[in-house]
A.B. asks: 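The structure's right below; bear with me while I get my questions together.
First listed ligand is number 1; within each ligand, the first listed atom is number 1. Residues: numbered from 1 along the sequence shown.
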Amino acid sequence: MYCRELYGTLHADAQVARLNAGISGEALLRLSDATLQQYLDGHPKAPACKGRIGWGAADAAAFAPEFGQEIRPMWIAADRDACRFSIGAGWDEERLLAAAFDGAGRARLEATLRRLKVDRKRYLLLPVHPWQWEHMIVTQFAGEIAARRLIPLGDFGDGYLALQSLRTLANANRPAALHLKLALTILNTSAWRGVPGKYMAIGPAFSAWLAAKTASDPALAGAIVLGEPAGAFYPHPVYERIDGAPYQFREMLGVIWREAVESHLRNGQSAMMFGALLKTMPAGPPLAAVLVARSGLAVEIWLARLFDAVVVPLYHFLCRYGVGFIAHGQNLTLILENFTPCGVAIKDLQGDVDLIDADFPEAADMPDGVRETLLRRPAPHLLQHLQTGHFVSVLRFLSDALAGCGVIDEMAFYAVLAERLRRYQASHPDMADRFALFDLFTPKVPRICINRVRLAIGYSDASSRPSPGLGGDLDNPLHFAPIQRAARAAAPGRADLAGAHP
Ligand SMILES: Nc1ncnc2c1ncn2[C@@H]1O[C@H](COP(=O)(O)OP(=O)(O)OP(=O)(O)O)[C@@H](O)[C@H]1O
Ligand SMILES: [Mg+2]
């Protein structure tokens, strides 16, 4: 099965390669975030990241980002008594619909509601991914449709573009409109990509709380948490009641409405998925190197801006509030001005963020239910969301790409990162105990293995998502790079003899 996933990935890679033929880094930089995502290569650490088990070639051609086709969601009316819906303060259902229907689409929707005698007081209108409708909902929820608790309306309204996660769609014509994250029961990059119901109740309030922190805490200036103002989940009438039922069958019908990064950008700013920095052109340097050159800044200064904009706020969220975001290259969006990093947008709040297993007073005002719903983890585990999620899974590849084209060697790269983190720590002396709790400078760091777990557990039904395995420890460049830099300064040309790097 793992080989099947690898072949699926190769099949997708062929189209990605075809799309990339002849395009320059400069041209990629002019694309919108959603369009640029069509050109990307996927998860750098997961060789089988485009396995997409459940999809055939025609499905990929219709729904995968590298084919760039517009996707029109299927809209359904769902009996409110049968589903869970939550919506944040300041939002209402009309605003959600306005984000997905222009005037003509809306008129068609209203005409359809009248024709099918759908009473909006009884029914909630939900988008469904067209593949999901065809392959899962029509068959698995047939009883609900027959009982008129689910009413199919049709595939009209705005067209959408698939982003790298496949299940999150961006409005094709209105980039600032809400994104739709839709359940998709295919196995891709280690998990079935449904939408679980357990976060629905807390989603809007938690995202509003995170937004309030970014707005009020100066150490988070420039960081944005993309709000998830609404979510809906329709449990399957039977699978939901079976203890230990495989999670893929308990997450088949759900939607999360999420802010688009474009709705937060100021004049002169642009945004790109963080993982795009690693994008290496068939001929030429990685996109990060193109940005450095266009910015006119020395690479060390450009990197300092990058780390201040991204790593510092992520680390601050962890240390100040005990909130750990899984900061991989698809969950972060880099905000740029003059080709230079100036901010970060963080996303994916339903399953990709955990809390510390202690009560930090700074997070005492967290809304009811969040602590009870999210995973609470000890500090060393939570730290891995940054150390493994970002340093080992993203920055390692970025430093390698920049070293490969001669822009900056790896140890110099990490010396800049260490210096920015130390500088941040020095400016918050009141948080010394937290920095000791979340220590980023130990000589060794744990090695978390995301690939071998699949070989260990196989592909049979499971009631929960797989957890990655643990390998031997890794040397921590944040520990060694500053020692080597100091040795170099003391004895230029003799750094390797200083024994600073293992
Ligand atoms: N550079 C990348 N780093 C991590 N994941 C990537 C990258 N590029 C593509 N991906 C894909 O994005 C998905 C990341 O999984 P994750 O659970 O964070 O997102 P999601 O919950 O499916 O969607 P979203 O982030 O849109 O809410 C996987 O399907 C993975 O293959
Ligand atoms: Mg994600």
A.B. asks: State if Arg258 counts as touching ligand 1 under the rule of any non-hydrogen atom under 4.0 Å.
C.D. replies: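 Arg258: in contact with ligand 1 (<4.0 Å).
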A.B. asks: Would you mind running through ligand 1 and noting each atom that sits below 4.0 Å from a heavy atom of Thr168?
C.D. replies: 23 (O), 24 (P), 26 (O), 27 (O)
A.B. asks: Going by an N to O cut-off under 4.0 Å, is there a salt bridge joining Arg174 and Asp102?
C.D. replies: no
A.B. asks: Which word best sums up how the rings of Tyr239 and His236 line up, parallel for under 30°, tilted for 30 to 60°, or perpendicular for over 60°?
C.D. replies: parallel
A.B. asks: Considering non-hydrogen atoms of the protein only, which is the closest contact for atom 2 (C) of ligand 1, and what is the distance?
C.D. replies: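 That would be His43 CA, 3.7 Å.
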A.B. asks: Can you find a pair of side-chain heavy atoms, one from Leu253 and one from Leu150, that are under 4.5 Å apart?
C.D. replies: yes
A.B. asks: Salt bridge or not for Arg18 and Glu66, using N-O below 4.0 Å?
C.D. replies: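 Result for this pair is no, no salt bridge flagged.
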A.B. asks: May I ask which of His179, Gln164, Arg167 has a heavy atom nearer to atom 22 (O) of ligand 1 than the others do?
C.D. replies: Arg167
A.B. asks: Within ligand 1, which atoms have a heavy atom of Asp352 less than 4.0 Å away?
C.D. replies: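 Atoms satisfying the 4.0 Å criterion: 16 (P), 17 (O), 18 (O).
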A.B. asks: Can you name the atoms of ligand 1, numbered from 1 with element, that are less than 4.0 Å from a heavy atom of Lys181?
C.D. replies: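 Answer, ordered by atom number: 20 (P), 21 (O), 23 (O), 24 (P), 27 (O).
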A.B. asks: Examine the side chains of His264 and Glu259 and answer whether a donor and an acceptor come within less than 3.5 Å of each other.
C.D. replies: yes
A.B. asks: Using non-hydrogen atoms of the residue, decide whether Leu40 is closer than 4.0 angstrom to ligand 1.
C.D. replies: no
A.B. asks: Hey, are Arg167 and Glu251 close enough for a salt bridge, meaning a charged N less than 4.0 Å from a carboxylate O?
C.D. replies: no
A.B. asks: Contact between Leu163 and ligand 1, counting heavy atoms under 4.0 Å?
C.D. replies: no
A.B. asks: Among Gly389, Cys49, Ser165, whose heavy atom sits nearest atom 23 (O) of ligand 1?
C.D. replies: Ser165
A.B. asks: Under 6.0 Å from the ring centre and within 45 degrees of the ring axis: does the NZ or CZ of Arg454 meet both conditions for the six-membered ring of Tyr459?
C.D. replies: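 Yes - Arg454 lies over the ring of Tyr459, closer than 6.0 Å to its centre and within 45° of its axis.
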A.B. asks: For atom 30 (C) of ligand 1, what's the nearest protein heavy atom and its distance?
C.D. replies: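 Checked against all protein heavy atoms, atom 30 (C) of ligand 1 sits closest to Thr189 OG1, 3.5 Å.
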A.B. asks: Using 30° and 60° as the class boundaries, would you call the ring planes of Trp55 and His129 parallel, tilted or perpendicular?
C.D. replies: tilted
A.B. asks: Of the choices Met273, Gln330, Arg193, Gln350, which has the non-hydrogen atom that lies closest to atom 25 (O) of ligand 1?
C.D. replies: Gln330
A.B. asks: Considering only heavy atoms, which of Ala48, Ala46, Gly42 lies nearest to atom 1 (N) of ligand 1?
C.D. replies: Gly42
A.B. asks: Which residue and non-hydrogen atom of the protein lie closest to atom 18 (O) of ligand 1, and at what distance in Å?
C.D. replies: His328 NE2, 2.8 Å
A.B. asks: Any idea how Tyr234 and Phe141 line up, ring-wise: parallel (<30°), tilted (30 to 60°), or perpendicular (>60°)?
C.D. replies: perpendicular
A.B. asks: Can you tell me which residue and heavy atom of the protein come closest to atom 29 (O) of ligand 1, and the distance to 0.1 Å?
C.D. replies: Asn188 ND2, 3.4 Å
A.B. asks: Does Val290 reach the side chain of Pro285, with side-chain heavy atoms less than 4.5 Å apart?
C.D. replies: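 A side-chain contact exists here, since the closest heavy-atom pair is under 4.5 Å.
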A.B. asks: In ligand 1, which numbered atoms sit nearer than 4.0 Å to a non-hydrogen atom of Asn331?
C.D. replies: 18 (O), 25 (O)
A.B. asks: For a distance under 2.8 Å, give residue and atom name for each protein N, O or S atom next to the Mg ion (ligand 2).
C.D. replies: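 Counting only protein N, O or S atoms under 2.8 Å from the Mg ion (ligand 2), the list reads Gln330 OE1, Asn331 OD1, Asp348 OD2.
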A.B. asks: Could you grab the distance from atom OH of Tyr247 to atom CH2 of Trp192, nearest 0.5 Å is fine?
C.D. replies: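 CH2 of Trp192 is found 8.0 Å from OH of Tyr247.
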A.B. asks: Would you call the rings of His390 and Phe274 parallel, tilted or perpendicular, taking 30° and 60° as the class edges?
C.D. replies: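 Rings of His390 and Phe274: perpendicular, over 60°.
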A.B. asks: Fit a plane to each ring of Phe101 and Trp75, take the angle between them on a 0 to 90° scale, and name the class: parallel (under 30°), tilted (30 to 60°) or perpendicular (over 60°).
C.D. replies: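 Tilted.
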